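As structure tokens, the structure follows; a few thoughts come after it.
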Protein chains: 2
Amino acid sequence: MRKRDDIKTELVKEQAIKMLVETGFDGFSMQKLAKVCNISVATLYIYYQHKEDLISKIGVEESNRMFTATLKNFSSDLSFADGLKLQWENRAKFSLQNDLSARLIEMLWNSPYAENIFENSNNHIKDILGKHLKNAVANKQLIPIKSFFVFWSLAYGPLYALIRFHQENKTAFGKNFKFNNQVMYQTLEIVLKGLTP
Amino acid sequence: MRKRDDIKTELVKEQAIKMLVETGFDGFSMQKLAKVCNISVATLYIYYQHKEDLISKIGVEESNRMFTATLKNFSSDLSFADGLKLQWENRAKFSLQNDLSARLIEMLWNSPYAENIFENSNNHIKDILGKHLKNAVANKQLIPIKSFFVFWSLAYGPLYALIRFHQENKTAFGKNFKFNNQVMYQTLEIVLKGLTP
DNA sequence: TTAATAAATGAACGATCATTTACTTATATT
DNA sequence: AATATAAGTAAATGATCGTTCATTTATTAA
């Protein structure tokens, strides 16, 4: 028996993410990935069954990292404002500190891979956020909202828009925009103004 | 001189969008596109210089269609609430009636193609929305917001989240969600609650 | 020290890729 | 009716694709 080289497997993940983000789904290939990692293509097929498996597995792993980071220290029993603030801070921190991962997740959401990757991973989140929403309405910290989706759009949509602007920094719409805490807290304040009774 | 077959060029655009959305950037190829359109690959190279040119040109065209549709009947002189409502309605209508185009635009935003496609197309929009924002603040129809990006995130972020849920309908997060006017107007109402003095 | 075994590889497979070339076809203008 | 010219094509180019296979290498357990 020989142990799998953890450094090599991590290198593969890291370089795969980099290549996918920088060159897109077209532009990414197994042979290029192997070359960049200085390993044999065949080694990739020891780690993963096929290309789709590689992309899917890495996608699942990265999005789980993001979900976990976003919910760090969160509890459905937190007051509505505190809970929302914590999640905004967590999510923003993750996106800033894991730029490539955040971009990859965004790419995967808008690709045919999404169906496999995000199939079940969201039930857990939905449960937790749904409970938080329910508590908040019951405690009159939040105006009555029946639809989870309406709630989500209002409570998190603006943050994701800000993060997107930041990611697009060098191109397109977000030119000259820099995300920082001041911008985030100002936005959050107005979101809370709308959502609280 | 022989005239270019408009029906054929439109068929190419339509099928290219369909293939890109349904099979992703990997999964799309010039040869497959030609076969689906029952034309020769070489014909594609009469219409477009190369693959990237094809994707970029179609992307520019579709996003211009979307921007134009979103701003239909809009004027910076409309009251803040009226202007916002109109844009929400326009944008929602476009996304529902042009599902594939809306999905393609979303894919392109999160791809390396974005830099070429959306390079300049946004200055116009930013001008118009910026003016509307300014007027609204001056007329005290809107709380004072300094940053255009903060404003955009709050005013449009929730709508785009709703549309995304609707697009993801069959997969992932948006399972069982159906976009309709009631949902849109309820969300808009709360957005306005936050944004108006 | 050795036997067992999984990790890792180099080299190859046929398929498909983007793109080009030499050629034919259709039509607008004369 | 003839000519010019762009549209359109069939077939091929070499490169690269995803994947496999026979073989070697490293390491664990005995």
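Chain identifiers are assigned alphabetically (A, B, ...) following the order of the sequence lines, protein sequences preceding nucleic acid strands; residue numbering begins at 1 within each chain. Being a predicted model, the structure only gives us computed values, none of them experimental.
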I need the [atom1]-[atom2] distance between [X] and [N], as an integer number of Å.
X     : N      : atom1 : atom2 : value
A/D5  : C/dT9  : CG    : C1'   : 14 Å
B/K51 : C/dT20 : NZ    : P     : 14 Å
B/K35 : C/dA18 : NZ    : P     : 14 Å
B/I39 : D/dA6  : CD1   : P     : 20 Å
B/R4  : D/dG8  : CZ    : P     : 7 Å
A/I7  : C/dA7  : CD1   : C1'   : 15 Å
A/L54 : D/dC17 : CG    : C1'   : 15 Å
B/N38 : D/dG8  : CG    : P     : 14 Å

Pairing donors with acceptors under 3.5 angstrom, does anything connect the side chains of B/E62 and B/S101?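 Yes.
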
Is it true that [X] and [Y] have a side-chain N and a carboxylate O under 4.0 angstrom from each other?
X      : Y      : result
B/R103 : B/E106 : no
B/D127 : B/K131 : no
A/K85  : A/E89  : yes

Side-chain donor-acceptor distances from residues 51-59 of chain B under 3.5 Å, at least two apart:
from: B/E52; atom 1: OE2; to: B/N116; atom 2: ND2; distance (Å): 3.3
from: B/D53; atom 1: OD1; to: B/K57; atom 2: NZ; distance (Å): 2.8
from: B/D53; atom 1: OD2; to: B/Q49; atom 2: N; distance (Å): 2.9
from: B/D53; atom 1: OD2; to: B/K57; atom 2: NZ; distance (Å): 3.1
from: B/S56; atom 1: OG; to: B/E52; atom 2: O; distance (Å): 2.9

Residues from residues 8-33 of chain B sitting under 4.0 Å of DNA chain D, heavy atoms only? B/K8

Checking all strands, does A/Y47 fall into the base, sugar-phosphate, or nothing category for heavy-atom contacts under 4.0 angstrom? sugar-phosphate

Quiz: residues 28-37 of chain B side-chain donor-acceptor pairs under 3.5 angstrom, not counting sequence neighbours:
from: B/S29; atom 1: OG; to: B/K32; atom 2: N; distance (Å): 3.1
from: B/K32; atom 1: NZ; to: B/G27; atom 2: O; distance (Å): 2.6

In 5'-to-3' order, the base (B), backbone-only (S) or no-contact (-) status of each nucleotide in nucleotides 20-30 of chain D, using a 4.0 angstrom heavy-atom cut-off, is BB---BBBB--

Using ring-ring contact (aromatic ring centres under 6.0 Å, His included) as the criterion, list what pairs up with A/Y45, not counting sequence neighbours. none

Who pairs with B/Y160 by ring-ring contact (aromatic ring centres under 6.0 Å, His included), at least two apart in sequence or on another chain?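 B/Y160: ring-ring contact (aromatic ring centres under 6.0 Å, His included) contacts with B/W152.
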
Using the six-membered ring wherever Trp is involved, compare the ring planes of B/F118 and B/W109 and label them parallel, tilted or perpendicular (cut-offs 30° and 60°).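 Answer is parallel, since the angle falls under 30°.
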
